[in-house]
Amino acid sequence: MAGGDRNAFLTVYHSHYHALFCYGFSITTDKELTKDCIQELFLDIWKTRTTLNKDVSNVRSYLFTWLRRKITSALSGLAKAKSLVLMQDATLTQSCYEELLITFQRSEEKKEQLREALTKLTKKQLEIIRLKFFEKLTYAEIAAKTSLAPRTVYNLIYEAIRHLRGNMIELALLSNS
């Protein structure tokens, strides 16, 4: 790839893109920023292909390091731009802080409602929800881990989510009255 072989370049791109995206997304949850940084990374590689170090033994690690630097740089630039806007905006008043506090409080209330709604699920539903949404397992993986049929897993998750929605709505109504 360092010599300019287009096929080698495309192979590296296709074989590492998903892993790079996952890694980048672990640094920042901004999907578009992550995608942009990966594209810039590969553009930089293509532009500098004749001067790249040809003795790199771990391409994946090399790409991860380069991506981390790209994302860190981009985030730093965004942070500087945001602080500049905040410094220039002298009209930032107490009401903005109040709105932030209200939003935060609502978010905390939602989290508490979710915690309470989760306690109302059966042990099996809670286990399936934990595996699906917190351990990020697929339906097939959950089925294998719990010795259940994939359709049963699907039905349990559907029922658990239905109960959670109903409980969340009920708790929201109770807290507003």
Side-chain angles (χ1 to χ4, degrees), residues 1-92 96-97 99-104 106-108 110-111 114 118 127-146 148-151 153-154 156-158 160-161 164-165:
M1 180 175 79
D5 181 1
R6 186 174 185 270
N7 290 331
F9 175 79
L10 290 173
T11 300
V12 169
Y13 177 84
H14 290 295
S15 62
H16 290 87
Y17 183 87
H18 183 70
L20 285 167
F21 181 79
C22 291
Y23 177 68
F25 194 66
S26 73
I27 298 170
T28 177
T29 56
D30 186 337
K31 290 179 182 179
E32 295 307 313
L33 177 74
T34 301
K35 289 177 184 177
D36 289 346
C37 287
I38 293 170
Q39 294 304 318
E40 287 177 24
L41 163 74
F42 280 100
L43 277 172
D44 289 350
I45 289 172
W46 186 252
K47 287 177 187 174
T48 62
R49 67 188 177 273
T50 56
T51 59
L52 285 177
N53 182 355
K54 293 165 183 51
D55 299 324
V56 173
S57 60
N58 189 339
V59 174
R60 181 182 173 106
S61 177
Y62 187 77
L63 293 172
F64 276 32
T65 302
W66 200 337
L67 179 62
R68 184 182 67 246
R69 289 180 183 151
K70 281 233 170 270
I71 290 174
T72 303
S73 175
L75 289 173
S76 176
L78 287 173
K80 286 178 186 173
K82 284 181 182 178
S83 68
L84 238 166
V85 168
L86 287 176
M87 287 170 48
Q88 292 172 350
D89 187 7
T91 62
L92 192 61
C96 291
Y97 294 113
E99 288 174 23
L100 284 172
L101 287 172
I102 290 168
T103 302
F104 177 76
R106 285 186 182 145
S107 174
E108 289 301 310
K110 292 281 186 207
K111 287 178 190 173
L114 179 58
L118 284 168
E127 178 189 8
I128 299 294
I129 290 291
R130 181 184 56 79
L131 292 171
K132 179 67 179 160
F133 297 103
F134 295 98
E135 293 188 24
K136 307 263 192 256
L137 299 180
T138 65
Y139 290 102
E141 291 169 332
I142 294 169
K145 193 168 191 167
T146 60
L148 295 171
R151 186 68 187 165
V153 170
Y154 177 82
L156 280 168
I157 290 173
Y158 174 81
I161 291 172
L164 283 173
R165 279 192 188 125

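What you see is a predicted model; the values in this text were computed from it and never measured.
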Greater than 12 external heavy atoms within 6.0 Å of Arg165's CZ: no

Non-hydrogen side-chain atoms of Leu156 and Leu148 separated by less than 4.5 Å: yes

Spatial distance of atom CG (Leu41) from atom CH2 (Trp46) [nearest 0.5 Å]: 14.0 Å

Value rounded to 0.5 Å, distance of CD in Gln39 from CG in Asp44: 11.5 Å

Contact summary for Cys37 and Ala74, nearest pair of heavy atoms: SG-CB, 4.0 Å

Thr138 side chain to Glu141 backbone, donor-acceptor under 3.5 Å: yes

Spacing of OH belonging to Tyr139 relative to CG belonging to Leu131, to within rounding of 0.5 Å: 12.5 Å

Approximate separation, where rounding is to 0.5 Å, of Ile38 CD1 and Leu67 CG: 5.5 Å

Side-chain atoms of residues 57-66: list all donor-acceptor pairs with protein atoms under 3.5 Å, sequence neighbours left out, distances to 0.1 Å.
| residue | atom | partner | partner atom | Å |
| --- | --- | --- | --- | --- |
| Asn58 | OD1 | Arg60 | N | 3.4 |
| Asn58 | OD1 | Ser61 | N | 3.1 |
| Thr65 | OG1 | Ser61 | O | 2.9 |

Cationic N near anionic O, under 4.0 Å, Lys132 to Glu127: no

Lys/Arg N to Asp/Glu carboxylate O, Lys70 vs Asp36, below 4.0 Å: no

side-chain contact (heavy atoms from CB on, under 4.5 Å) between Leu33 and Leu75, intermediate numbers included: CA-CA 9 Å; Leu33 177 74; Leu75 289 173; 3.5 Å; yes

Solution key, residues 15-27 side-chain donor-acceptor pairs under 3.5 Å, sequence neighbours excluded:
| residue | atom | partner | partner atom | Å |
| --- | --- | --- | --- | --- |
| Ser15 | OG | Thr11 | O | 2.7 |
| Ser15 | OG | Val12 | O | 3.4 |
| His16 | ND1 | Val12 | O | 3.1 |
| Ser26 | OG | Tyr23 | O | 2.5 |

Test side-chain contact (heavy atoms from CB on, under 4.5 Å) applied to Phe133 and Ile161, step by step: CA-CA 11 Å; Phe133 297 103; Ile161 291 172; 3.8 Å; yes

Atom pair OH/CZ of Tyr13 and Phe9 - distance to nearest 0.5 Å: 8.0 Å

Euclidean distance, Ile157 CD1 relative to Leu164 CG, rounded to 0.5 Å: 11.5 Å

Salt bridge (Lys or Arg N to Asp or Glu O under 4.0 Å) contacts in which one or both residues fall within residues 21-34, not counting sequence neighbours: Glu32-Lys35

Donor-acceptor pair, side chain of Ser76 and main chain of Thr72, under 3.5 angstrom: no

